**Student:** 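One structure is given below, represented as structure tokens, and several questions about it will come after.
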Amino acid sequence: MERFETSGGTVRWASSGSGPPVVLLHGTPFSSYVWRDIAAALSERHEVFVWDMLGYGQSEKRAGQDVSLGTQASVFAALLEHWGLESPSVVAHDFGGVVALRAHLLHGARYQRLALVDAVAIAPWGTSFFRLVRDNPAVFERLPSHLHEAIVRTQTATASAPGLRGGVLDDLVAPWLGAEGQAAYYRQIAQADQRFTDEIEPLLGSLDLPVLVGWGEADEWIPAEQGKDLASRIPGARLKLFPGAGHLVQEDAPAALTATLLDFLT
């Protein structure tokens with residue numbers, strides 16, 4: 001992966017393919033890894049960019065780091081300039097939703113099209129576990145490593161409705177293991193303030209571009225009803241539900257999601 005230096009640390013990114021540009025944003029507690037199959041498919045027709053947010057995946061993790069959603073949006077806007085992308089299409093999952101929306105609505109980033117997939121964009125959000133950790137990060141940071149790994153594995157597994165394919169759960173959990181990974185895992189949750197979505201909710205009605213809202217009907221993290229609510233707040237937004245898919249639609253229904261995105265991007 002390539003490197004992009006920011007004041008908050010090094011961001012890792014990669015690109016592939018050729019054609020109209022598309023940028024894929026991941027959420028939490030994930031990384032660009034969740035887009036691997038779909039990025040490969042889209043790269044047959046598009047130049048595809050992926051990146052790991054600060055404190056996630058292969059990007060830098062360090063004590064005292066600001067990994068808030070506000071900072072991620074600023075970094076994303078800067079990345080678009082670094083890549084020389086004036087108006088790419090953007091596909092955003094989970095936290096990637098609010099990051100993409102803030103970059104567009106508050107930082108002036110321009111998009112050709114925007115797809116929001118099981119996206120964090122309107123309140124309330126965060127599972128009961130997520131809220132528990134957010135209120136008690138210091139306690140969880142001190143957990144023995146084996147208990148931390150068990151928690152992360154169990155919680156991450158619930159993002160899939162039918163269950164994750166062999167080896168995928170291991171790869172999703174790996175960046176959060178070890179002393180550095182464990183601290184980073186609870187750091188990003190502790191900084192996940194709802195004000196970052198509260199600030200953009202009133203602006204959703206001003207979106208003036210093609211928008212697709214895609215949602216797993218069996219999402220246990222952010223119910224499909226919230227996806228319907230989000231679509232209703234965006235003028236002209238198209239809603240697509242994926243039967244049997246959970247929060248990680250990329251893993252649960254990759255073919256259906258890829259087909260939907262190819263159609264939308266065309």
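Bear in mind that the values here come from a model prediction, so they are computed numbers and not experimental data. Numbers here are sequence positions counted from 1.
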**Student:** Report the distance from atom CG of Leu164 to atom CG of Leu248, rounding to the nearest 0.5 Å.
**Tutor:**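 Result: 6.5 Å between the selected atoms.
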
**Student:** Starting from the C-alpha separation in whole Å, work towards a yes-or-no answer on side chain to side chain contact (heavy atoms under 4.5 Å, CB included) for Thr127 and Gln155.
**Tutor:** CA-CA 10 Å; Thr127 63; Gln155 178 64 15; 3.4 Å; yes

**Student:** Show me the side-chain donor-acceptor pairs of residues 12-19 shorter than 3.5 Å, one per line, residues at least two apart or across chains.
**Tutor:**
{"residue": "Arg12", "atom": "NE", "partner": "Glu2", "partner atom": "O", "Å": "3.3"}
{"residue": "Arg12", "atom": "NH2", "partner": "Met1", "partner atom": "O", "Å": "3.0"}

**Student:** Kindly write out the residues that satisfy side-chain hydrogen bond (donor to acceptor under 3.5 Å, both in side chains) with Tyr33, not counting sequence neighbours, or none if the list is empty.
**Tutor:**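 Here the qualifying residues are Asp171.
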
**Student:** Do Gln191 side-chain atoms and Ser68 backbone N/O form a donor-acceptor pair below 3.5 Å?
**Tutor:** yes

**Student:** Quick one, Gln58 with Ser31, criterion side chain to side chain contact (heavy atoms under 4.5 Å, CB included). Give me CA distance, side-chain angles, the key distance, then yes/no.
**Tutor:** CA-CA 8 Å; Gln58 295 185 45; Ser31 69; over 6 Å; no

**Student:** Parallel, tilted or perpendicular, judged at 30° and 60°: which one describes the rings of Phe4 and His82?
**Tutor:**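 It falls in the tilted class, 30° to 60°.
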
**Student:** If you count every heavy atom of other residues, nucleotides or ligands that lies below 6.0 Å from Asp135 atom CG, does the total exceed 12?
**Tutor:** yes

**Student:** Report the C-alpha distance between Arg233 and Asp229 in whole Å, list the side-chain angles of each, state the deciding distance to 0.1 Å, and finish with yes or no for salt bridge (Lys or Arg N to Asp or Glu O under 4.0 Å).
**Tutor:** CA-CA 7 Å; Arg233 301 189 192 199; Asp229 185 9; 3.1 Å; yes

**Student:** Sorted by first residue and then second, give each salt bridge (charged side-chain N to carboxylate O under 4.0 Å, His left out) pair with at least one member in residues 249-265; sequence neighbours left out.
**Tutor:**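 Output for this query lists Arg36-Glu251, Arg165-Glu251, Arg238-Asp263.
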
**Student:** Please lay out, stage by stage, how Trp176 and Thr156 fare under the test side chain to side chain contact (heavy atoms under 4.5 Å, CB included).
**Tutor:** CA-CA 11 Å; Trp176 304 119; Thr156 303; 5.8 Å; no

**Student:** Considering only residues two or more places apart or on different chains, which pairs with a residue in residues 42-55 satisfy side chain to side chain donor-acceptor pair (under 3.5 Å)?
**Tutor:** Ser32-Asp52

**Student:** Going by the rule side-chain contact (heavy atoms from CB on, under 4.5 Å), which residues pair with Pro210 if we only count those two or more places apart in sequence or in a different chain?
**Tutor:**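 Once residues adjacent in sequence are excluded, the partners of Pro210 under the side-chain contact (heavy atoms from CB on, under 4.5 Å) criterion are Arg113, Phe264.
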
**Student:** Rounded to the nearest 0.5 Å, what's the gap from CD on Gln182 to NZ on Lys61? Could you check?
**Tutor:** 13.5 Å

**Student:** Under the side-chain contact (heavy atoms from CB on, under 4.5 Å) rule, collect the residues that match up with Arg153, sequence neighbours excluded.
**Tutor:**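 Arg153 satisfies side-chain contact (heavy atoms from CB on, under 4.5 Å) with Glu149, Leu169, Asp170, Val173 once adjacent residues are dropped.
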
**Student:** Hey, could you give me each pair passing ring-ring contact (aromatic ring centres under 6.0 Å, His included) that has a residue in residues 229-258? Not counting sequence neighbours.
**Tutor:** His93-His247, Trp221-His247

**Student:** Report the C-alpha distance between Thr6 and Leu79 in whole Å, list the side-chain angles of each, state the deciding distance to 0.1 Å, and finish with yes or no for side chain to side chain contact (heavy atoms under 4.5 Å, CB included).
**Tutor:** CA-CA 10 Å; Thr6 77; Leu79 261 178; over 6 Å; no

**Student:** Any side-chain heavy-atom pair from His104 and Leu207 closer than 4.5 angstrom?
**Tutor:**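 Yes, their side chains come closer than 4.5 Å.
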
**Student:** To the nearest 0.5 angstrom, please state how far the CZ atom of Arg102 sits from the CD atom of Glu199.
**Tutor:**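 Arg102 atom CZ to Glu199 atom CD measures 4.5 Å (nearest 0.5 Å).
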
**Student:** For the CD1 atom of Ile122 and the OG1 atom of Thr197, what is their distance to the nearest 0.5 Å?
**Tutor:**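 Taking CD1 in Ile122 and OG1 in Thr197, the distance rounds to 9.0 Å.
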
**Student:** Could you point out which residue of Tyr56, Phe30, Phe76, Trp125 forms a ring-ring contact (aromatic ring centres under 6.0 Å, His included) with Phe95?
**Tutor:** Trp125

**Student:** Under the side-chain contact (heavy atoms from CB on, under 4.5 Å) test, which residues partner Leu132, sequence neighbours left out?
**Tutor:**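 Scan of Leu132 (side-chain contact (heavy atoms from CB on, under 4.5 Å), adjacent residues dropped) gives Asn136, Phe140.
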
**Student:** Mind checking ring-ring contact (aromatic ring centres under 6.0 Å, His included) for Phe49 and listing every partner two or more places apart, or none if nothing turns up?
**Tutor:** Trp83

**Student:** With Glu5, which residues qualify under side-chain hydrogen bond (donor to acceptor under 3.5 Å, both in side chains), at least two apart?
**Tutor:**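 side-chain hydrogen bond (donor to acceptor under 3.5 Å, both in side chains) list for Glu5, sorted by chain: Thr10.
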
**Student:** Give, for atom CG of Leu239 and atom CG of Leu116, the distance between the pair rounded to the nearest 0.5 Å.
**Tutor:**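 Reported to 0.5 Å precision, the distance equals 11.0 Å.
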
**Student:** Output the distance between atom CG (Asp37) and atom OG1 (Thr258), rounded to the nearest 0.5 Å.
**Tutor:** 8.0 Å

**Student:** Residues two or more places apart in sequence or in another chain: which of them pass side-chain contact (heavy atoms from CB on, under 4.5 Å) with Ser206?
**Tutor:** Leu105, Leu203

**Student:** Which atom pairs, donor and acceptor, lie under 3.5 Å between side-chain atoms of residues 21-29 and protein residues at least two apart or in another chain?
**Tutor:**
{"residue": "His26", "atom": "NE2", "partner": "Met53", "partner atom": "N", "Å": "3.0"}
{"residue": "Thr28", "atom": "OG1", "partner": "Gln188", "partner atom": "OE1", "Å": "2.7"}
{"residue": "Thr28", "atom": "OG1", "partner": "Gln188", "partner atom": "NE2", "Å": "3.3"}

**Student:** Taking side chain to side chain contact (heavy atoms under 4.5 Å, CB included) as the criterion, tell me which of Leu209, Val91, Val213 meets it with Leu114.
**Tutor:**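 Answer after filtering Leu209, Val91, Val213: Leu209.
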
